[in-house]
2 protein chains.
Amino acid sequence: MTGQRRVIAHVLSEADDHPDVEELYRRASALDNRISVATVYRTVRLLEERGILERRDFGGGRARYEASENGCHYHLIDIDSGRVIEFENEELVSLLSQIAKKLGFDLVSHRAELFGRAEKGATADEGKNTSSEGKKSV
Amino acid sequence: MTGQRRVIAHVLSEADDHPDVEELYRRASALDNRISVATVYRTVRLLEERGILERRDFGGGRARYEASENGCHYHLIDIDSGRVIEFENEELVSLLSQIAKKLGFDLVSHRAELFGRAEKGATADEGKNTSSEGKKSV
DNA sequence: GTATGTGCAAACCTTTTGCCTGTCG
DNA sequence: CGACAGGCAAAAGGTTTGCACATAC
């Protein structure tokens with residue numbers, strides 16, 4: 001465990017969004033300018049292999065990352081603002097694994113992404129991204 | 001509407017799998033060898049913009065395409081063989097749109113991908129990809 | 001004949017890798 | 001010292017694009 005990895009790991013644990021490698025590099029460089037992009041790539045790959053980090057694809061050609069948490073969760077992307085909202089839903093988990101079973105498979109992993117538009121008169125806790133609005137249970 | 005596009009469109013309409021550009025190029029070339037990869041890329045982009053085609057990402061770094069159909073469907077990817085099985089499930093659609101609603105959003109589109117491993121003594125209609133095993137309702 | 005499509009190859013962009021140096025224990 | 005981590009820059013792999021030529025209508 002070297003200095004660079006510590007910095008990158010720290011950046012990742014602080015992040016509650018879904019940064020891509022470029023953004024991680026930017027944040028890590030701010031803390032320690034002796035870090036190269038290659039190291040960021042190598043580190044995220046390492047962490048992904050160990051299950052500490054998860055790679056996401058929300059379109060746009062670059063991978064984005066987030067810390068693995070216990071319990072799976074899903075993403076709802078606001079198609080107007082690009083904001084990503086995390087949520088968890090047990091019904092969804094069980095429905096999906098039930099479906100896999102019916103098709104003759106054991107569900108190993110899965111993902112679900114919803115793309116939506118905010119309802120006009122909605123609850124929509126918009127405004128300053130209070131940095132830890134966290135995962136919503138729905 | 002030129003010859004090349006006609007060929008590519010034809011290949012796409014015939015395909016009931018999820019070919020990537022390389023594969024599309026291979027199939028199209030077999031019908032008309034005066035087609036270049038660039039044209040395939042240009043054509044799929046065009047068709048995607050018009051909503052005729054949908055781009056998918058099942059990992060592996062390359063985009064894969066399939067014809068847009070009315071009614072949404074989902075994918076289960078066999079993590080051992082890479083085979084993709086399509087299915088539809090109404091419960092899933094309604095659950096997802098219900099979730100979006102609870103979060104204050106109108107569901108515009110969505111995707112769900114399951115990654116699974118075939119059960120040992122399963123139904124698993126393996127073997128030659130009978131070319132039109134079609135979409136399963138689960 | 002003009003507008004649009006195509007082929008080719010070069011350019012692009014993200015990600016990976018080779019190689020040699022730096023760092024940890 | 002010995003093994004592993006990092007920097008740099010080059011390479012790789014998928015996708016896009018500039019330009020001159022071909023095709024459609």
Side-chain angles (χ1 to χ4, degrees), chain A residues 1-13 15 17-68 77 82 84 111 113, chain B residues 1-13 15 17-67 77 82 84 113:
Chain A
M1 177 55 78
T2 61
Q4 287 91 327
R5 278 194 196 169
R6 227 185 307 275
V7 171
I8 295 171
H10 178 253
V11 166
L12 283 164
S13 66
D17 51 352
H18 306 77
D20 56 29
V21 168
E22 192 187 334
E23 178 61 26
L24 287 175
Y25 175 55
R26 197 175 305 126
R27 294 182 195 176
S29 294
L31 300 179
D32 180 345
N33 65 330
R34 302 170 320 166
I35 289 177
S36 74
V37 223
T39 299
V40 178
Y41 274 106
R42 278 193 271 239
T43 304
V44 292
R45 187 148 54 115
L46 193 93
L47 295 177
E48 194 199 347
E49 280 162 7
R50 299 201 184 167
I52 295 165
L53 207 57
E54 280 173 35
R55 188 202 307 236
R56 300 275 171 222
D57 166 62
F58 296 148
R62 41 231 275 177
R64 297 171 61 173
Y65 295 87
E66 72 181 321
S68 301
I77 295 99
V84 176
R111 60 192 191 206
E113 275 119 39
Chain B
M1 177 56 77
T2 60
Q4 286 90 327
R5 277 195 198 168
R6 227 184 308 275
V7 170
I8 295 171
H10 177 253
V11 166
L12 283 164
S13 65
D17 50 352
H18 306 76
D20 55 28
V21 168
E22 193 185 334
E23 178 62 25
L24 288 174
Y25 174 56
R26 198 174 304 127
R27 296 183 194 175
S29 295
L31 300 180
D32 180 345
N33 66 329
R34 301 170 321 165
I35 289 178
S36 73
V37 226
T39 299
V40 178
Y41 274 106
R42 281 192 271 237
T43 304
V44 292
R45 185 147 55 114
L46 193 93
L47 295 177
E48 195 200 348
E49 279 163 6
R50 299 201 184 167
I52 295 166
L53 207 58
E54 280 174 35
R55 189 202 309 235
R56 301 271 172 223
D57 165 63
F58 296 147
R62 44 232 275 175
R64 298 172 62 171
Y65 295 87
E66 73 182 318
I77 296 98
V84 177
E113 276 120 40

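Sequence lines set the chain letters: A, B, ... in the order given, protein chains first and strands last, and positions in each chain run from 1.
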For B/V7, which of B/V40, B/T39, B/L31, B/T2 qualifies under side-chain contact (heavy atoms from CB on, under 4.5 Å)? B/L31
Give, for atom [atom1] of [X] and atom [atom2] of [Y], the distance between the pair rounded to the nearest 0.5 Å.
X	Y	atom1	atom2	value
B/S13	B/I8	OG	CD1	12.0 Å
B/L46	B/R42	CG	CZ	11.0 Å
B/R6	B/D32	CZ	CG	11.0 Å

Salt bridge A/R45-A/E48, side-chain N to carboxylate O under 4.0 Å: no
Would you mind checking if B/E54 and B/R56 are paired as a salt bridge, meaning a charged N to carboxylate O distance below 4.0 Å? yes
Protein-nucleotide distance ([X], atom [atom1]; [N], atom [atom2]), rounded to Å:
X	N	atom1	atom2	result
A/Y25	D/dG6	OH	P	14 Å
A/E49	C/dT16	CD	P	10 Å
B/D57	C/dT14	CG	C1'	14 Å
A/R64	C/dT14	CZ	P	14 Å

Set out, in order, the CA-CA distance, both residues' side-chain angles and the distance that settles side-chain contact (heavy atoms from CB on, under 4.5 Å) for A/I77 and A/E113, then state yes or no. CA-CA 7 Å; A/I77 295 99; A/E113 275 119 39; 4.1 Å; yes
Convert the base pairs of DNA chain D into dot-bracket notation, remembering that pairs crossing earlier ones are written with [ ] and that bases paired across to another strand are shown as |; include only Watson-Crick or G-U pairs under 3.5 Å. |||||||||||||||||||||||||
Within the 4.0 Å limit for protein heavy atoms, which parts of nucleotides 15-25 of chain D are touched? Write it as a string from 5' to 3', B for base, S for sugar-phosphate only, - for none. BBBB-----S-
Sub-3.5 Å donor-acceptor pair from the side chain of A/R55 to the main-chain atoms of A/A63, do we have one? no
